[in-house]
There are 2 protein chains.
Amino acid sequence: MTKITGDQALVKKINRSIILETIRRHAPVSRAKVSELTGLNKATVSNLVQELATHHLLQEIGPGESSGGRKPQLLLFNGQAGYAVGVELRVNQMTGVLTDLEGNIAAEADDSLAEHDVESVTQRMIAMIKELMQQAPPSPYGIIGIGVGVPGMVDGNGTVLFAPNLGWDMVPLQQRLEEELGLPVTIDNEANAGAQGELRFGAGQDARHLLYISAGSGIGSGIIINGELYKGARGYAGESGHMSIEADGKACSCGNRGCWELYASEKSYDDKGDRLPARRTSALIRHAEEGHAETIRHFQELGRYLGIGITNLVNGFNPQSVIIGGPLSDARAWIGDTLKQVVAERTLPYHKELMEIHFAELGSRSTMIGAAYSAISQFLGPVRVSVPAT
Amino acid sequence: MTKITGDQALVKKINRSIILETIRRHAPVSRAKVSELTGLNKATVSNLVQELATHHLLQEIGPGESSGGRKPQLLLFNGQAGYAVGVELRVNQMTGVLTDLEGNIAAEADDSLAEHDVESVTQRMIAMIKELMQQAPPSPYGIIGIGVGVPGMVDGNGTVLFAPNLGWDMVPLQQRLEEELGLPVTIDNEANAGAQGELRFGAGQDARHLLYISAGSGIGSGIIINGELYKGARGYAGESGHMSIEADGKACSCGNRGCWELYASEKSYDDKGDRLPARRTSALIRHAEEGHAETIRHFQELGRYLGIGITNLVNGFNPQSVIIGGPLSDARAWIGDTLKQVVAERTLPYHKELMEIHFAELGSRSTMIGAAYSAISQFLGPVRVSVPAT
DNA sequence: ATTACTTTGTTTAACCAATAGACAAAGTCC
DNA sequence: GGACTTTGTCTATTGGTTAAACAAAGTAAT
């Protein structure tokens, strides 16, 4: 825990952050308007804007319409002041993006993975990152950092503690990548990264409290509280896939019984033996589109179980909105209705009114973009101040 | 949302809060030590200490032991600068305490409730509060506020939205009490208040992320994140009792099925028909003490279900510690072992290492004291600043 | 065109909290 | 008694925000 006290540097940091954020959200906007929106003095805004502009984080794009007086000089956040790389590591595949500071994708790359040994995966990841870095347009800051989303639990030092699907155990990925690349690296759980992606650039931009459910080969969740990712005491909050929804149900490899993800993720395909015509979600979606009854029935059942688990989380968390991402969100047409109906039926009355359920807006890119945002966030250095009641 | 910007007043507020908190935690302590602990300059500490002392919030209690130089002047938080009233409203009973600013109990009161109509309960509550207020010793600030914990959902304005066991619906309790008493009033869910009580004055004083489970006629939970109560988007987070642990289990009055509290609260007694010798926890504990086999077996089963639900919450939240309170915590001798064993078996491997399960230290007073703390907290005006990574 | 009024953004002087460092006070230890 | 430590205060400085004056650049009506 950093020892943090109040001094003028902190004040400046806070105000700079407020101004940058205000301009990002209301762009294009004048200094006068920023002053009005934030409550900061005009002089303060002018000073900090100038400072931010000399650091290339803001741009003046010329005069706007007059409202009966001098024309305003409009300001824009300079999203192209630097670029970040975001990588998502999956079981069979690795995908990456190069984004600007506003999450716009400038380049993409992917690579299939046959083997999962730490060394070869790390090598290929480094190669992919370098490839993406080379595609960055010239900019004042260049590559400002790298974010990686992995399917497993990650501690505060960016060490992958446990990634069952990769067979990884205690892999100091952040340290390794930082040594090789000489840039700041952040490692996050895949669902946590996805939550950040949707929060900042996707379906959750207005939410302070958000729940992101990543449904795929398992289920993970990313919890956003007060606009910030909640990681828990040791960094591994969000393992909601191992919430038991059948107290004495099927045994799970985790040691628990009746885990949610046994019923509401791709793991549910295993129980159906040969009754399902395929084992991969993409293939099953095609069968569903062709009207295969058993497949459609299975998706509905899966949607029902998803709804049961989401209900549990909603009753506990009272989030503003729930966003469903991950590979299974591609089957939204087949699971969405049942899911929403189950949540509506089972959730406590008061939640119904003001809670929204969405599917991921960034689609399969939520995690990559969210991972990139972790790097951006570190670079821009957000500051949050809360004064609970006055 | 308050428009908050950085200025010198904020800086001062932050530092004053830091100093007060430091002295509260390390008392008795010298100015020099506070400076060292907080990183603030000695002069800053001296100035703010003087200001706080003239406001009667600090006291100098004379010199301490020298460590090879001038003797330190030891400082104490003046817990008797004011008093707060905390009330817990239960189904059959209403209890209240008068506490000083450190949560020490100065007076207690209770009243049994036969009827639950809003008017008579409110009247009796006001009478009890006034009675407690009169017992407050003379102090610089007198009664600084009143906190109430209720068995139901509460919104941000202190309106009781829904309290099934009281038959209450949309009762603007805070408004009513403030009008009658002319003092700041905070209304909280019973579990939320309990969580705050244990966090500040009980078993959770070192935790930043804490989960409080209140098990009684139902199950509620209070979630502490980053040292602050998390209330959710609309103020009713923590309804974990209605987490389904049997997807197609018993129907619950809430509309859901297989709700945790049907299996792990006093509601579980109803299923046992005549096999249990009593219907009240206090009576059952006596029977268990006398060796009644069926009762003991039931408590074990209840403990097992408690463990199953706690496992779910722990996997999702990754709290530092879990505290179990409410009437059922009196049966800790009969449910504790099973509970802890179930959690150890079913929780994800990494949680086991660093998570603690405790029973409430304040016993049946957690909620009252926590409610009082809500008032104290408002009075002292805590400020939290976070700078996520530098 | 001229004048009055608006709006935007900058400049100036004042303010104020934290700070470093000097210093005074009060102690220890040899 | 002298050298050294520790505690707490005092003083001058720093560096941020701010209010208010001001300059710049526009509109609108006469």
Side-chain angles (χ1 to χ4, degrees), chain A residues 3-20 22-23 26 28-54 58-76 383 385, chain B residues 3-20 22-23 26-54 58-76 383 385 387:
Chain A
K3 211 175 275 181
I4 183 171
T5 61
D7 61 4
Q8 306 209 76
L10 175 72
V11 168
K12 195 170 180 182
K13 214 160 150 185
I14 291 171
N15 290 340
R16 198 187 320 151
S17 182
I18 290 174
I19 288 174
L20 203 56
T22 305
I23 293 174
H26 297 84
V29 66
S30 69
R31 289 165 178 81
K33 185 84 192 198
V34 171
S35 167
E36 188 189 320
L37 284 167
T38 58
L40 288 165
N41 188 278
K42 288 190 297 175
T44 309
V45 173
S46 268
N47 285 333
L48 292 177
V49 161
Q50 190 179 20
E51 193 180 310
L52 287 165
T54 63
L58 290 181
Q59 267 182 325
E60 215 167 54
I61 55 159
E65 288 289 292
S66 162
S67 63
R70 175 174 166 180
K71 284 183 182 171
Q73 288 294 319
L74 296 183
L75 299 167
L76 233 50
V383 180
V385 181
Chain B
K3 210 176 274 178
I4 183 167
T5 61
D7 61 4
Q8 304 207 80
L10 175 71
V11 168
K12 200 170 179 180
K13 211 160 153 186
I14 290 171
N15 289 340
R16 197 185 323 149
S17 182
I18 290 174
I19 288 173
L20 201 57
T22 305
I23 292 174
H26 297 86
V29 66
S30 68
R31 291 165 177 80
K33 185 86 191 193
V34 171
S35 166
E36 189 189 319
L37 284 168
T38 59
L40 288 165
N41 188 279
K42 288 189 296 175
T44 307
V45 173
S46 268
N47 285 332
L48 291 178
V49 161
Q50 191 178 18
E51 194 181 308
L52 287 164
T54 62
L58 290 181
Q59 266 182 325
E60 214 168 55
I61 55 159
E65 289 288 291
S66 161
S67 63
R70 175 175 165 179
K71 284 184 182 170
Q73 287 296 318
L74 296 183
L75 299 167
L76 232 50
V383 180
V385 182
V387 183

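Proteins come first, then strands; the chains are lettered A, B, ... in the order of their sequence lines, and each starts at number 1.
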- request: Measure from NZ on A/Lys42 to C1' on D/dA21 and round the result to the nearest Å.
  value: 10 Å
statement: Among the nucleotides D/dT9, C/dA17, C/dT19, whichever has the atom closest to the side chain of B/Lys12 is C/dA17
message: Checking contacts here: which listed nucleotide (C/dT19, D/dG8, C/dA17) is nearest the side-chain heavy atoms of B/Ala32?
response: D/dG8
- prompt: To the side chain of B/Pro72, which of D/dT7, D/dT17, C/dA18 is closest?
  reply: D/dT7
message: Please report the distance, rounded to the nearest Å, between CG in A/Asp7 and P in C/dC16.
response: 19 Å
query: On DNA chain D, nearest-nucleotide positions of A/Arg16 versus B/Ser46: which is more 5'?
result: B/Ser46
field: Atom-to-atom span, CG of A/Asn41 to C1' of D/dT18 - whole angstrom
entry: 5 Å
task: Name the closest nucleotide to the B/Arg31 side chain, picking from C/dA18, D/dT18, D/dT9.
output: D/dT9
query: Can you tell me how far P of D/dG8 sits from CG of B/Leu40, to the nearest Å?
result: 15 Å
- request: Look at A/Thr44 and D/dT18 and indicate whether a side-chain polar atom (N or O) is within less than 4.0 Å of OP1 or OP2.
  value: yes
query: If you check every side-chain atom of A/Val11, which of D/dT17, C/dA22, C/dA17 has the closest atom?
result: D/dT17
message: What's A/Ser30 touching, base or sugar-phosphate or nothing? Going by heavy atoms closer than 4.0 Å.
response: sugar-phosphate
message: As a test of understanding, state which of A/Ile18, A/Leu40, A/Leu37 forms a side chain to side chain contact (heavy atoms under 4.5 Å, CB included) with A/Val45.
response: A/Leu40
- prompt: Which nucleotide in the set D/dG8, C/dG27, C/dA20 lies at the smallest distance from any side-chain heavy atom of B/Ser66?
  reply: C/dG27
- prompt: Atom CG of B/Leu48 to atom P of C/dA17: distance rounded to whole Å?
  reply: 9 Å
field: Heavy-atom closest pair, residues B/Leu48 and B/Arg16
entry: CD1-N, 3.9 Å
query: Please give, in whole Å, the distance from C/dG27 C1' to B/Glu65 CD?
result: 12 Å
query: Has the side chain of B/Arg70 got a donor or acceptor that lies under 3.5 Å from a partner of the other kind on the base of D/dT7?
result: yes
message: Side chain of B/Gln8, heavy atoms from C-beta onward: which of D/dG16, C/dT19, C/dT8 has the nearest atom to it?
response: D/dG16
field: For the student: nearest non-hydrogen atoms of B/Lys71 and B/Ser66, plus distance
entry: CG-CB, 4.0 Å
- line: To the nearest angstrom, the CD-P distance between B/Gln50 and D/dT9 comes to 7 Å
query: Could you state the CG-C1' distance from B/Leu75 to D/dT9, rounded to the nearest angstrom?
result: 14 Å
- prompt: Under 4.0 Å between a side-chain N or O of A/Asn15 and OP1 or OP2 of D/dT17?
  reply: yes
query: Are any of the side-chain heavy atoms of A/Val11 and B/Gln8 separated by less than 4.5 Å?
result: no
message: For a 4.5 angstrom cut-off between non-hydrogen side-chain atoms, does A/Asp7 reach B/Asn15?
response: no
message: I need the minimum non-hydrogen distance between B/Leu74 and B/Gly64, along with the two atoms involved.
response: CD1-CA, 3.8 Å
- line: Which of C/dT8, D/dG15, C/dA20 is nearest the side chain of B/Ala43? It is C/dA20
